[in-house]
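Keep in mind the model is a prediction, meaning the values are calculated, not measured. Letters go in sequence order (proteins before strands), and every chain restarts at 1. Side chains included, hydrogens not; waters and symmetry mates left out as well; all remaining heavy atoms used.
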2 protein chains.
Amino acid sequence: MPVLDLRQDKRAMSHPRLPYLERIELFAPLPERSRARIADIAGLQRFSNHGYLFREGEEPDFIYCFVEGGIALIGGADGQEAVIEFFGPGESVLLPAALLGLPYLVSGRATSDGQALLIPAGKLRQLIDEDVALAAQCARVLSRHWRALISQIKEIKTHGAAERLAHFLVSQTGKSKGPATLVLPGMKKEVATRLGIKPETLSRTLKKLRDYGVDTEGDTIRIASLERLAALTSATAGQDQADT
Amino acid sequence: MPVLDLRQDKRAMSHPRLPYLERIELFAPLPERSRARIADIAGLQRFSNHGYLFREGEEPDFIYCFVEGGIALIGGADGQEAVIEFFGPGESVLLPAALLGLPYLVSGRATSDGQALLIPAGKLRQLIDEDVALAAQCARVLSRHWRALISQIKEIKTHGAAERLAHFLVSQTGKSKGPATLVLPGMKKEVATRLGIKPETLSRTLKKLRDYGVDTEGDTIRIASLERLAALTSATAGQDQADT
DNA sequence: GCACGGCCTTGATCCAAATCAAGGCACCAG
DNA sequence: CTGGTGCCTTGATTTGGATCAAGGCCGTGC
């Protein structure tokens with residue numbers, strides 16, 4: 001259980017937290033004056049792997065901006081949990097719940113040790129009505145998140161497991177050509193539900209992708225050619241093989 | 001092909017369009033002064049059923065705010081098209097693409113005749129950096145959209161076809177108890193892909209739901225008890241029956 | 001009136017992924 | 001070293017939904 005310990009020493013200098021703010025996409029482009037206002041109300045919080053930072057149904061107290069490490073956003077009741085998306089350094093979560101003052105739709109579980117900036121939801125809601133730069137930047141970040149979810153829904157509705165996995169791996173590398181190596185952003189179990197499949201299926205599907213130049217070693221994955229893998233995103237990935 | 005005809009008679013009164021703006025969730029809560037600025041750049045556009053208003057990949061020229069009638073947001077290439085979501089009166093689409101200046105991720109096809117307000121993307125992007133009220137309201141509307149998509153992803157990843165259909169029907173009524181009647185927001189074919197299933201499966205699943213008090217007649221659906229239907233959202237909807 | 005073309009339903013069959021069921025392996029704690 | 005306890009893989013089997021294949025039921029145009 002992460003215990004809160006954000007000491008809001010407004011009287012003292014808030015500057016010590018400013019360098020962190022600069023690493024968050026939500027705040028980086030803001031004018032210094034706006035960032036300072038945020039720094040005044042922000043607190044830094046450590047968290048450790050597999051711990052829950054917040055849970056579905058709770059009232060929104062904070063938004064979380066990841067400085068180091070990250071979490072999986074998890075939806076659904078016990079036994080039927082599914083990872084919606086992974087978030088890591090520079091990204092923030094829960095802005096929608098905070099702005100609307102509605103209960104969280106998802107839980108957040110750490111996928112590594114790390115630190116996050118916590119911004120009180122109430123204060124943020126207040127600031128957003130006074131600070132154009134902040135409000136506009138929130139709209140832009142929310143827009144990016146919206147597009148990411150749209151892509152995921154399209155993917156789920158139009159592609160099979162192998163294609164989804166291939167696309168996911170490619171997007172995780174952040175590159176688009178040549179060879180690449182990546183580390184999965186969570187346990188295989190979690191990655192599976194992020195893709196809308198079961199762990200067993202992920203295991204088997206990863207094996208199928210070996211024939212397309214994908215090599216697995218624990219949670220590290222080596223891809224021989226991103227082009228080749230991306231190609232099968234659109235093709236009928238499922239032909240059989242593997243005898244002998 | 002809807003031909004554009006937004007005459008921006010800024011010199012003349014923009015007031016004739018103001019009453020329309022008041023019916024759009026994105027603009028309704030804004031102060032009069034902000035709404036007037038939007039009215040200055042907005043144009044009204046008629047569209048007819050089954051026509052495309054915009055297509056995936058195009059550069060963002062406008063956002064669309066529906067005054068009457070609505071569309072389906074469609075993703076995926078030919079033959080693999082899937083409806084992401086339906087939008088109707090009072091709602092708006094494409095704000096994310098417009099704010100970021102990135103190509104549309106989805107196409108929009110009308111599900112009825114209707115009219116939409118078109119707001120030029122460039123102008124809007126400009127206004128958002130100058131008008132706090134507008135920027136904050138965009139953030140809130142985007143937040144609501146984000147939450148809707150999250151709910152859909154959760155649903156797809158954790159529930160089977162019957163449960164998803166049941167939940168969809170309940171949410172379409174806008175109510176939560178007692179009996180209800182609703183009209184599907186599009187062709188059955190489209191509703192099916194919205195739910196992530198095929199038309200044949202939708203047909204069969206609707207039949208299964210008859211035993212739970214769901215009666216179908218064309219695109220009109222009558223539900224005996226919303227509670228009963230909502231109950232099976234979480235249960236194992238799939239037991240067999242139907243002999244005799 | 002009649003033929004054609006969409007949309008929807010229904011039935012038969014197939015298949016991708018889920019489920020059920022063992023192990024294997026790594027990482028502790030004692 | 002030894003016995004858990006998770007996580008992951010692998011194999012056998014089942015199943016929910018897809019696919020294939022007819023029709024039925026409109027509208028619409030000729």
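Checked against a 6.0 Å centroid threshold, the rings of B:Y64 and B:F54 count as neighbours.
Closest contact between the side chain of A:K189 and the listed nucleotides D:dA18, C:dA18, D:dC7 involves D:dC7. Closest to the side chain of B:S203, out of D:dC8, D:dT9, C:dT9, is C:dT9. The A:I197 side chain lies nearest to C:dA18 when the options are C:dA18, C:dT9, D:dT10. The side chain of B:M187 has C:dC8 as its nearest neighbour among D:dT10, D:dA18, C:dC8. When each of C:dT9, D:dT10, C:dA18 is scored by its nearest atom to the side-chain atoms of B:K188, the top-ranked nucleotide is C:dT9. Among the nucleotides C:dA17, C:dT10, D:dT10, the one closest to the side chain of A:R204 is D:dT10. Among C:dC8, D:dG17, D:dT19, the nucleotide with an atom closest to any side-chain atom of B:K198 is D:dT19.
Of the charged side-chain nitrogens involved, at least one lies within less than 4.0 Å of a carboxylate oxygen, so that B:K154 and A:E56 count as a salt-bridged pair. The pair B:E200-B:K188 does not meet the salt-bridge criterion, since no charged nitrogen lies less than 4.0 angstrom from a carboxylate oxygen. Ion pair B:E91/B:R23 not flagged as a salt bridge, since none of the NZ, NE, NH1 or NH2 atoms sits closer than 4.0 Å to an Asp/Glu carboxylate oxygen. Using a 4.0 Å cut-off between charged side-chain N and carboxylate O, B:R222 and B:E217 make no salt bridge.
Using modelled atom types and a 3.5 Å distance limit, the side chains of A:Y212 and A:R228 yield no donor-acceptor pair.
For the pair A:H50 NE2 and C:dC27 P, the interatomic distance rounds to 14 Å; values are reported in whole Å. Spacing between atom NZ of A:K208 and atom P of D:dT10 amounts to 14 Å, rounded to whole angstrom units. In this structure, the CD1 atom of B:I156 is 16 Å from the C1' atom of C:dA17, given to the nearest Å. Nucleotide C:dT19 holds its P atom 8 Å from the CD atom of A:Q80, rounded to whole Å. When rounded to the nearest whole Å, the span between CG of B:L202 and C1' of D:dG17 equals 13 Å. C:dA16 atom P lies 22 Å from atom NZ of A:K157, rounded to whole Å. Regarding A:N49, its CG atom lies at a distance of 14 Å from the C1' atom of C:dC27, rounded to whole Å. Rounding to whole angstrom units, CG of residue B:L206 and C1' of C:dC8 are separated by 11 Å.
Scanning atom types as modelled, one donor and one acceptor separated by under 3.5 angstrom connect the side chain of A:E200 and the base of C:dC20.
Remark: B:K207 is not in phosphate contact with C:dT9, judged by side-chain N or O atoms under 4.0 Å from OP1 or OP2.
Relative orientation of the A:F168 and A:F86 rings is tilted, given thresholds of 30° and 60° on the angle between their planes.
Computed from C1' positions of five pairs at each end, the angle between the two local axes of the helix from C:dG1-D:dC30 to C:dG30-D:dC1 equals 30°, rounded to 10 degrees.
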